[in-house]
Amino acid sequence: DGPILVNWKKNDVYEALKRSGKKVGIMVSPSDKILSMAENGKLNLSESGINSDAVVINGRIILVAENVEELRKKIEGLK
């Protein structure tokens, strides 16, 4: 748990938002839960960011969404 940082420096989150065309994103650890959800079709991972819930960049997973509410629902689904 830590602070939410808001910046537009060029980093992996910025790159994921650019690729996906989404507006908000958060980096999460590539856990067994996330990989299981992706295998079961509950979470769409891609490197391109096209039609995906999360973008994989440099081995990191960035959840992306159109708005904060959509992102909140995706995060809650990881519990």
Side-chain angles (χ1 to χ4, degrees):
D1 294 319
I4 295 175
L5 301 176
V6 179
N7 65 35
W8 283 102
K9 293 182 181 177
K10 297 206 176 193
N11 55 31
D12 291 339
V13 175
Y14 174 83
E15 183 62 30
L17 295 174
K18 191 167 108 176
R19 288 183 191 183
S20 67
K22 304 281 175 98
K23 295 180 176 69
V24 293
I26 187 169
M27 187 180 302
V28 295
S29 299
S31 66
D32 290 337
K33 175 78 173 178
I34 291 176
L35 298 176
S36 174
M37 288 177 70
E39 287 176 357
N40 294 329
K42 295 179 182 176
L43 187 70
N44 187 11
L45 296 175
S46 80
E47 290 185 1
S48 69
I50 299 171
N51 296 323
S52 63
D53 298 311
V55 182
V56 180
I57 298 177
N58 298 325
R60 297 182 172 134
I61 298 174
I62 297 95
L63 292 175
V64 293
E66 287 295 328
N67 55 53
V68 174
E69 183 64 25
E70 182 183 337
L71 184 62
R72 184 185 64 80
K73 288 178 183 177
K74 290 179 183 181
I75 292 170
E76 286 178 350
L78 298 176
K79 292 181 181 179

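Residue numbers run from 1 in the order of the sequence given.
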Have a look at Glu76 and tell me which of Arg72, Lys74, Lys73 forms a side-chain hydrogen bond (donor to acceptor under 3.5 Å, both in side chains) with it.
Arg72

Quick check against the 3.5 Å criterion: does Asn58 have a side-chain atom that pairs as donor or acceptor with the backbone of Arg60?
no

Check for a donor-acceptor pair, side chain of Asn40 on one end and backbone N or O of Lys42 on the other, with a separation under 3.5 Å.
no

Heavy-atom nearest pair, Pro30 first then Gly59, reads CG-O, 3.9 Å

Shared hydrophobic cluster, Val68 / Val55 (ILVMFWY, side-chain heavy atoms < 4.5 Å):
no

Just verifying a value: how many Å separate Ile61 CD1 and Leu43 CG, rounded to the nearest 0.5 Å?
7.5 Å

Whether the side chain of Asn44 engages the backbone of Asn51 through a donor-acceptor N/O pair (distance < 3.5 Å, no angle test) should be reported.
yes

side-chain contact (heavy atoms from CB on, under 4.5 Å) assessment of Arg19 paired with Ile57:
CA-CA 10 Å; Arg19 288 183 191 183; Ile57 298 177; 3.6 Å; yes

So if you build clusters from Ile, Leu, Val, Met, Phe, Trp, Tyr with side-chain heavy-atom gaps below 4.5 Å, do Met37 and Ile26 land together?
yes

Could you check whether atom CD of Glu66 has more than 12 heavy atoms from other residues, nucleotides or ligands sitting under 6.0 Å from it?
yes

In this structure, would Ile34 and Ile75 fall into the same cluster of hydrophobic residues linked by side-chain contacts under 4.5 Å?
yes

What is the minimum heavy-atom distance between Lys22 and Ala65, and which atoms define it?
CB-O, 3.3 Å

Are Leu63 and Leu45 co-members of a hydrophobic cluster defined by side-chain heavy atoms under 4.5 Å apart?
yes

Would a distance-only check, ignoring hydrogens and angles, find a side-chain to backbone donor-acceptor pair under 3.5 Å from Ser36 to Asp32?
no

Given the rule that I, L, V, M, F, W and Y join up when any side-chain heavy atoms are under 4.5 Å apart, are Leu17 and Ile62 in one cluster?
yes

Exactly one of Val24, Val64, Asp53 should register a side-chain contact (heavy atoms from CB on, under 4.5 Å) with Leu71. Which one does?
Val24

